[in-house]
Amino acid sequence: MKRIVSGIKPTGTLTIGNYIGAIKQFVALQKAMPEDEFFLFIADLHALTTPQEPAELRQRIKEIAGMYLACGLDPERTVLYIQSEIKEHAELGYLLQCFTYMGELERMTQFKDKSKKQDVLLTSSLFTYPALMAADIILYDADYVPVGEDQKQHLELTRDIASRFNNRYGDFFTVPEPIIPKVGARIMDLQDPSKKMSKSDETDKGYISLFDEPSVAAKKIKSAVTDSIGIIQFDPQNQPGIANLLTIYSSLENESIDSIVSKYSNLGYQEFKSDLSIIVSNTIQSIQEKYQSIVNSNQLDEILDKGRDQAQIIAYKKLEKCKRKIGLGRKRK
Ligand code: ATP
Ligand code: LTN
């Protein structure tokens with residue numbers, strides 16, 4: 001039996017990029033791997049690497065958990081929990097910092113990008129964050145970690161940290177493998193297709209939130225930046241806007257990009273965008289309907305309590321053993 005683990009930060013809203021790159025993939029894997037275990041957590045400690053308003057953060061944590069369920073996650077087969085409710089994450093995160101080199105953290109492109117963008121003072125937790133992420137994963141001996149393209153480098157570092165520990169103390173942590181979708185691993189900003197669609201962006205025109213009014217989402221697709229070439233083809237270099245829209249279409253409809261291109265080859269951008277705007281707004285609408293029924297019931301807290309209890313048992317045992325390995329813990333006479 002394999003164990004699949006992933007997390008999502010409760011910052012900003014959830015975008016269609018998160019949905020296509022991570023959530024949809026997680027749901028599909030769950031269907032394709034009926035014998036395996038799925039652990040999913042809300043990475044609230046990671047959210048604190050940048051300033052958060054307490055009431056807003058508290059609300060987002062539940063919102064994201066509810067959205068995951070609304071997107072089709074099977075609550076019977078998912079250990080769904082909130083990271084900060086399992087203290088072992090932070091403790092192992094610290095221990096793993098002792099096995100992570102400054103040079104490795106300095107090379108992380110996400111840190112470099114975020115530190116350039118940030119207008120407030122940088123926290124040290126933003127810098128050490130990959131060690132906590134490694135802890136999130138290897139605490140549970142994850143075999144696979146489904147993530148979007150932007151997390152690949154953090155996964156490589158996680159593998160290095162786990163292997164380093166194993167080399168020093170003998171085989172102890174499972175070295176995890178990332179699962180990155182073939183299509184949709186990096187959905188781009190609708191207004192600037194040279195950058196990743198990001199929920200922490202200043203303006204909301206470039207991303208579609210899963211909470212957007214369906215009609216607003218449709219409008220955003222219709223006003224997405226394209227080019228003056230005027231031909232529908234998959235050319236991310238010269239037509240990044242159209243390539244991005246084709247990717248969104250392909251992922252939401254489970255249709256190959258080739259087949260979409262041939263369908264629209266004789267039609268203009270307007271027709272293509274109009275069809276895609278319907279697909280996107282329908283997808284969002286059906287997710288939102290499910291979301292409403294979930295948040296209006298007590299189901300969510302029950303699922304989160306159960307998830308916490310299940311994760312806690314595994315995390316406690318693994319951390320205790322880890323501490324013993326490295327020489328912590330008193331020896332009793
Ligand atoms: P931010 O944009 O604020 O940095 P984020 O959306 O990258 O945040 P998370 O919410 O933790 O951060 O991401 C959750 C998952 O969604 C990760 O697996 C990430 O790789 C994936 N993801 C995020 N943005 C995109 C995107 N534009 N396209 C595809 N996958 C994405
Ligand atoms: N770093 C990720 C969120 C995250 C995560 C994880 C993903 C934190 N811990 C463990 C997979 C596994 C991000 O910023 N998107």
Side-chain angles (χ1 to χ4, degrees), residues 3-26 29 38-50 52 60-61 63-65 67-68 71 81-84 86 89-90 92-93 96 108-115 117-118 125-126 128-140 142-159 161-162 176-190 192-202 204 206-210 244 247-248 251-252 311:
R3 186 173 289 159
I4 293 92
V5 176
S6 196
I8 195 153
K9 261 184 313 186
T11 49
T13 182
L14 277 179
T15 71
I16 201 153
N18 297 124
Y19 176 67
I20 293 174
I23 308 178
K24 194 167 179 282
Q25 207 204 165
F26 198 89
L29 280 174
F38 288 80
F39 283 53
L40 185 69
F41 63 93
I42 317 301
D44 54 350
L45 294 176
H46 288 275
L48 295 174
T49 54
T50 53
Q52 302 295 330
R60 284 223 174 99
I61 292 170
E63 216 172 70
I64 289 195
M67 245 328 165
Y68 251 100
C71 290
Y81 57 99
I82 298 171
Q83 182 191 28
S84 65
I86 313 273
H89 283 250
L92 183 61
L96 295 186
M108 294 295 117
T109 52
Q110 193 180 58
F111 174 73
K112 287 196 261 185
D113 291 350
K114 292 212 167 179
S115 52
K117 257 204 278 181
Q118 203 117 316
S125 62
L126 190 68
T128 56
Y129 153 117
L132 178 59
M133 175 160 166
D136 299 336
I137 297 168
I138 65 179
L139 183 58
Y140 299 94
D143 296 288
Y144 299 115
V145 183
V147 281
E149 178 72 33
D150 59 327
Q151 297 302 318
K152 199 172 161 199
Q153 199 186 25
H154 292 155
L155 251 295
E156 275 156 16
L157 180 60
T158 301
R159 290 171 58 86
I161 297 171
E177 275 179 45
I179 302 187
I180 296 170
K182 286 194 188 72
V183 174
R186 195 173 168 81
I187 299 298
M188 310 308 274
D189 187 288
L190 297 174
D192 176 2
S194 67
K195 63 175 201 195
K196 185 188 92 146
M197 181 183 283
S198 171
K199 56 182 148 92
S200 31
D201 235 8
E202 310 81 49
D204 69 355
Y207 66 76
I208 291 176
S209 161
L210 295 184
N244 192 37
T247 305
I248 295 174
S251 176
L252 295 184

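Remember, it's 1-based here, ligands and their atoms both numbered in the order they're listed. Being a predicted model, the structure only gives us computed values, none of them experimental.
- Of all atoms in ligand 1, numbered sequentially from 1 with element shown, those under 4.0 Å from a heavy atom of V147 are 18 (O).
- The shortest N or O to N or O distance between M188 and ligand 1 is not below 3.5 Å.
- Polar contact check, Q151 against ligand 1: no nitrogen or oxygen pair lies under 3.5 Å apart.
- Contact record, P181 with G21: CG-O, 3.6 Å, taken as the closest heavy-atom pair.
- The closest side-chain donor-acceptor pair between Q52 and T50 falls under 3.5 angstrom.
- The six-membered or imidazole ring of F26 lies near that of F38, with a centre-to-centre distance under 6.0 Å.
- With respect to atom 27 (N) of ligand 1, the closest heavy atom belonging to the protein is I187 O, 2.8 Å.
- Here the heavy atom of the protein found nearest to atom 3 (O) of ligand 1 is S200 OG, 2.3 Å.
- The side chain of F41, and not its backbone, has at least one atom closer than 4.0 Å to an atom of ligand 2 (non-hydrogen atoms only; side chain from C-beta on).
- Counting heavy atoms under 4.0 Å from ligand 1, residue A22 touches it through the side chain alone.
- Under 4.0 Å from ligand 2, the heavy atoms of V147 that appear belong solely to its side chain.
- A ring-centre distance under 6.0 Å is found for Y140 and Y81.
- At a heavy-atom distance under 4.0 Å, only side-chain atoms of I137, from C-beta outward, approach ligand 2.
- Ranking protein heavy atoms by distance to atom 10 (O) of ligand 1, first place goes to K199 NZ, 2.6 Å.
- One option in D113, T247, N244, N18 has a heavy atom closer to atom 13 (O) of ligand 1 than any other, and that option is N18.
- Using a 4.0 Å cut-off between heavy atoms, A185 contacts ligand 1 through its backbone alone, with no side-chain atom that close.
- The proximity of V145 to ligand 2, defined as any non-hydrogen pair under 4.0 Å, is limited to the side chain.
- Heavy-atom contacts of K9 reach the following atoms of ligand 2: 14 (O) (cutoff under 4.0 Å).
- The shortest contact between atom 2 (C) of ligand 2 and any protein heavy atom is with Y129 OH, 3.2 Å.
- Counting all heavy atoms, side chain and backbone alike, T158 lies closest to P176 at CG2-CG, 3.9 Å.
- Of the N or O atoms in D136, one or more lie within a sub-3.5 Å distance of an N or O in ligand 2.
- Under the salt bridge (charged side-chain N to carboxylate O under 4.0 Å, His left out) rule, D150 has a single partner from K9, K196, K114, R186, which is K196.
- Residue contacts with ligand 1, taken as heavy atom pairs separated by less than 4.0 Å, do not involve H46 at all.
- Residue H154 has no N or O atom closer than 3.5 Å to an N or O atom of ligand 2.
- Two residues are said to be in side-chain contact when any heavy atoms from C-beta on lie closer than 4.5 Å; S209 and D204 fail this criterion.
- The two atoms that bring P130 and L126 nearest to each other are CD-O, 4.5 Å, heavy atoms only.
- Side-chain contact check for Q110 versus Q153: every heavy-atom pair is 4.5 Å or farther apart.
- In this structure, atom 3 (C) of ligand 2 lies nearest to the protein heavy atom G7 O, 3.9 Å.
- Of the protein's heavy atoms, K196 NZ, 2.5 Å lies nearest to atom 7 (O) of ligand 1.
- Both the backbone and the side chain of K9 come within 4.0 Å of ligand 1, judged by heavy-atom distances.
- Residues L40 and G7 share a closest heavy-atom pair of CD1-N, 4.3 Å.
- Side chains of L92 and I138 form a contact here, defined as non-hydrogen atoms less than 4.5 Å apart.
- Side-chain atoms of S251 do not come within 3.5 Å of backbone N or O of T247 as any donor-acceptor pair.
- Contact check for Y207 versus I187: no side-chain heavy atoms found under the 4.5 Å cut-off.
- Here's the thing with I8: none of its N/O atoms is less than 3.5 angstrom from an N/O atom of ligand 1.
- Here the shortest heavy-atom distance to atom 17 (C) of ligand 1, taken over P181, S251, G148, belongs to G148.
- Residue Q151 places at least one N or O, backbone or side chain, under 3.5 Å from an N or O of ligand 2.
- In the candidate list Q110, K152, K114, K114 is nearest to atom 4 (O) of ligand 1, counting heavy atoms.
- Closest to atom 30 (N) of ligand 1 by heavy atom, among G12, G17, G7, is G17.
- Annotation: side chain of T13 is not in contact with side chain of L210 (no heavy-atom distance under 4.5 Å).
- With contacts defined as side-chain heavy-atom distances shorter than 4.5 Å, the pair Y144/L29 does not qualify.
- For atom 2 (O) of ligand 1, the closest heavy atom belonging to the protein is S198 OG, 2.6 Å.
- Residue contact check for ligand 1: D150 places a non-hydrogen atom closer than 4.0 Å to it.
- Side-chain contact check for V147 versus S6: some heavy-atom pair is nearer than 4.5 Å.
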